[in-house]
Amino acid sequence: MNIQALLVERFKQALTELSWADAPVPVAKGNRPGFGDYQFNGAMALAKKLKQNPRDIAATILDAVKLDDVAEKLEIAGPGFINIHLKPQWLATQIKLAASNERLGVDIQSKQTVVVDYSAPNLAKEMHVGHLRSTIIGDAVVKCLEFLGHEVKRQNHMGDWGTQFGMLLAHLQDKLLQNEVAETALSDLENFYREAKVRFDSEEGFADKSREYVVRLQGGDGECLSLWQNFIDVSISHSEEVYEKLNVTLTREHVMGESAYNKDLANVITELKEKGISVEDQGAQVVFIPELADKKGNPAVYIVQKSGGGYLYATTDLAAIRYRSNVLNANRTLIFTDARQALHFKQTEIVARKAGFMNEQEQYQHCPFGMMLGKDNKPFKTRTGGTVKLVDLLDEAIERANKLVLTRSPDIEPTALKEMSHKLGIGAVKYADLSKNRTTDYVFDWDSMLSFEGNTAPYLQYAYTRIQSIFTKAGIAKGKLATDNELVITEDAEKALALQLLQLTDALQILAKEATPHVLCTYLYELASIFMRFYEACPILKEGVSGSAKQSRLMLAQHTANVLSLGLDLLGIETMQSM
């Protein structure tokens, strides 16, 4: 159920009957108690266009709109707002329909094929905190898109090619000649990389050897490719461990590294040349982009091939667009990287569209995100100023959650402690990130993210378990509540909860359209808060509560738990039956 969409449709019908079919239909949720659950705000714009009194226009619209089955009262307020007060029993009917549906009332959208490019670690190094946002934001968007019925193609555009691999392969070959196995040699990727870099910078002959390996690798030499595959396999295993700990859905089958596009890079350059899009400039192939000219009118410069014939990220990204459009048949592509790459992807889209590398109707969305900062408002680092490994951050989250659980439940069983610590710790880190607007920087703070108060994962996880405890006290097993009882909404707190429950579709559709998981986080936090107020104002298990009221409120509680569980699952955050 999408209440807002229903109201928009009804007002559209009314405006069409009034010969105002082209008028905008702005319907918004009410934000002031007593002024309606929703509000139509289109009368003033019409009045300005028609040069009439806006309240008269609103009255005309009010007479024409057909909402008797949905609204108990429509009223004109201020200069022409139409306040819409929904019928409590209509809300109750919609809640029952949603509760009886395994999709909780969320309709499947018109199916699109959506390519989502996210995570994208560099396989020369272990994943660090800089990969966190791309990985978890991308995965939340993917899960939401799939829930809404879209066919999603995950693409993990891993950095698995380039000149640094010559250095790494030369170092690996020497390790293997010393009878080390690849898994052992690469067990600590950071240390392996440092060792290779020291040799490259200081060991006589090693830099030349590394360059030779680059040439051999790019030329398809069998021995080099075998070494390279060894490196890739072990490196991907490191990433898989992180993905499993993070509870994200990326697997090895989703890896589409830079190397996957090697065979098409020459074709990309050939087509750009033939279409007159790229030109030679100082030996390099360059595309000049007047659409992104500077203040002096100089066009932006986009290099697609180096003067020595080498290719760049730009070339690979153009080849990726061709593959996703022609092979994956993408209707829409989403790419999650930090905001510093925004200009690159804007240039890439302009060049790709000029070259016809994607369909005209195809959406290409770079979804930039801000930085994760320490309490000093600087990029998050270790105390010594180094880069924080992502696995170390997650392990610390679990350890901190473990201590937190023990302070609240010192007698908890070891198995339950381990499970709860993992779900709380990982959930806290993910939610602290996902709940912030994607485009902004945020400060990483252990104390606030692990708090059971405020907009945090522990607060929502606890809200879910608190509802489960209500059913436990009532002697009702999970999912066994009879749903054929009448649902009656009489109290303001019941209506507020029902209204919030029915706005789930709105939150999911915004998330899917704008790639903004914080919208769902805000929705879930507001739902949990409204439920707490409902629970205080509308007793469920207390003496004196009638059987019908008890059953009705239990139905609201159960649907709330189901919505919280679904929402958290889409965010990749696990729930518990008890805490």
Side-chain angles (χ1 to χ4, degrees), residues 108-121 134-161 248-265 267-269 271-272 275 277 287 291 302 304 311-338 341-369 438 508-517 570:
I108 290 178
Q109 294 185 325
S110 298
K111 183 178 178 180
Q112 285 188 316
T113 297
V114 187
V115 171
V116 184
D117 178 339
Y118 66 111
S119 191
S134 173
T135 303
I136 62 175
I137 294 172
D139 207 59
V141 172
V142 159
K143 294 185 76 172
C144 178
L145 287 167
E146 286 183 327
F147 181 71
L148 291 175
H150 300 293
E151 181 180 359
V152 178
K153 306 285 189 181
R154 293 165 176 77
Q155 297 278 279
N156 197 346
H157 193 82
M158 288 183 167
D160 65 353
W161 203 248
V248 298
T249 58
L250 282 170
T251 65
R252 190 171 291 243
E253 68 178 299
H254 302 130
V255 173
M256 194 70 180
E258 293 172 356
S259 62
Y261 305 104
N262 286 343
K263 292 180 180 179
D264 196 36
L265 300 183
N267 299 330
V268 168
I269 301 302
E271 284 201 36
L272 291 175
K275 294 175 179 177
I277 295 169
V287 180
E291 294 92 333
Y302 185 79
V304 292
Y311 302 113
L312 301 99
Y313 291 126
T315 332
T316 304
D317 286 336
L318 289 170
I321 286 175
R322 286 157 59 94
Y323 172 79
R324 293 163 183 176
S325 183
N326 299 328
V327 178
L328 299 183
N329 299 312
N331 303 117
R332 181 184 180 199
T333 296
L334 304 176
I335 302 172
F336 292 90
T337 73
D338 69 58
Q341 298 186 53
L343 176 59
H344 164 74
F345 283 106
K346 184 62 182 172
Q347 293 174 331
T348 301
E349 180 184 5
I350 290 172
V351 173
R353 290 197 184 280
K354 284 184 177 180
F357 289 167
M358 68 172 86
N359 299 322
E360 287 184 16
Q361 299 80 16
E362 189 177 330
Q363 292 178 271
Y364 185 82
Q365 293 174 254
H366 176 233
C367 305
F369 49 81
R438 166 171 56 76
L508 295 182
Q509 289 181 348
I510 293 171
L511 191 168
K513 180 182 179 182
E514 300 177 2
T516 47
L570 293 178

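For H366 against I335, the heavy-atom pair with the smallest separation is CD2-O, 3.5 Å. Heavy-atom minimum distance, A512 versus L148: CB-CD1, 3.6 Å. Looking at every heavy atom in both residues, S325 comes nearest to N359 through OG-N, 3.6 Å. Summarising the geometry of V287 relative to V351, their closest heavy-atom pair is CG1-CG2, 3.8 Å, with the distance given to 0.1 Å. Considering every non-hydrogen atom in both V115 and Q155, the closest pair reads CG1-CG, 3.6 Å. Closest non-hydrogen pair, V116 versus G138, comes out as CG1-O, 4.3 Å.
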(Q) Please evaluate residues V142 and L334 with respect to the criterion side chain to side chain contact (heavy atoms under 4.5 Å, CB included), reporting the C-alpha separation (whole Å), side-chain torsions for both, the decisive distance (0.1 Å), and the verdict. (A) CA-CA 10 Å; V142 159; L334 304 176; over 6 Å; no

Q. Passes side chain to side chain donor-acceptor pair (under 3.5 Å), D160 versus S259? Steps please.
A. CA-CA 6 Å; D160 65 353; S259 62; 2.7 Å; yes

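Note on K354 versus E291: salt bridge recorded, some NZ/NE/NH1/NH2 to OD/OE distance being below 4.0 Å.
Residue pairs meeting the ring pair (Phe, Tyr, Trp, His ring centres under 6.0 Å) criterion with at least one member in residues 139-158, sequence neighbours excluded, are H157-Y261.
Residues passing the side chain to side chain donor-acceptor pair (under 3.5 Å) test with N267 are D264, sequence neighbours excluded. Applying the ring pair (Phe, Tyr, Trp, His ring centres under 6.0 Å) rule to Y302 yields no partners; only residues at least two apart in sequence or on another chain are considered. Judged as a salt bridge (Lys or Arg N to Asp or Glu O under 4.0 Å), and not counting sequence neighbours, the contacts of D117 are R324. Considering only residues two or more places apart in sequence or on other chains, E362 meets the salt bridge (Lys or Arg N to Asp or Glu O under 4.0 Å) condition with none of them. When the side chain to side chain donor-acceptor pair (under 3.5 Å) test is applied to Q341, no partner is found at least two apart in sequence or on another chain.
A side-chain donor-acceptor contact under 3.5 Å links T315 to the backbone of V304. For the pair S134 (side chain) and F336 (backbone), a donor-acceptor distance under 3.5 Å is present. A distance-only check finds a donor-acceptor pair linking the side chain of R438 to the backbone of P368 [under 3.5 Å]. The backbone N or O of M256 lies less than 3.5 Å from no partner atom in the side chain of N156, so there is not a single donor-acceptor pair.
Just one of K513, E349, R332 meets the side chain to side chain contact (heavy atoms under 4.5 Å, CB included) condition when paired with Q365; it is R332.
With contacts defined as side-chain heavy-atom distances shorter than 4.5 Å, the pair Y311/N262 does not qualify. You'll find the side chain of Y118 reaches within 4.5 Å of the side chain of D139, heavy atoms only. Using a 4.5 Å heavy-atom threshold, the side chains of V114 and N331 count as separate. The side-chain heavy atoms of T113 and K153, taken from C-beta on, include a pair separated by under 4.5 Å. Annotation: side chain of H344 is in contact with side chain of D317 (closest heavy-atom distance under 4.5 Å). No side-chain heavy atom of L328 sits less than 4.5 Å from a side-chain heavy atom of T333.
Atom CG of residue L318 and atom OG1 of residue T348 lie 5.5 Å apart, to the nearest 0.5 angstrom. With values rounded to the nearest 0.5 angstrom, I136 atom CD1 is found 10.5 Å from S119 atom OG. Annotation: the span from Y364 atom OH to R353 atom CZ amounts to 9.5 Å, rounded to 0.5 Å. For the atom pair CG (L511) and SG (C144), the distance works out to 4.5 Å, reported to the nearest 0.5 Å. For the atom pair N326 CG and M358 CE, the distance stands at 10.5 Å (nearest 0.5 Å). Between the CG atom of L508 and the CG atom of L145 there is a distance of 10.5 Å, given to the nearest 0.5 Å.
K111 NZ: 12 or fewer foreign heavy atoms inside a 6.0 Å radius. Residue F345 qualifies as enclosed at atom CZ: its count of foreign heavy atoms under 6.0 Å is above 12.
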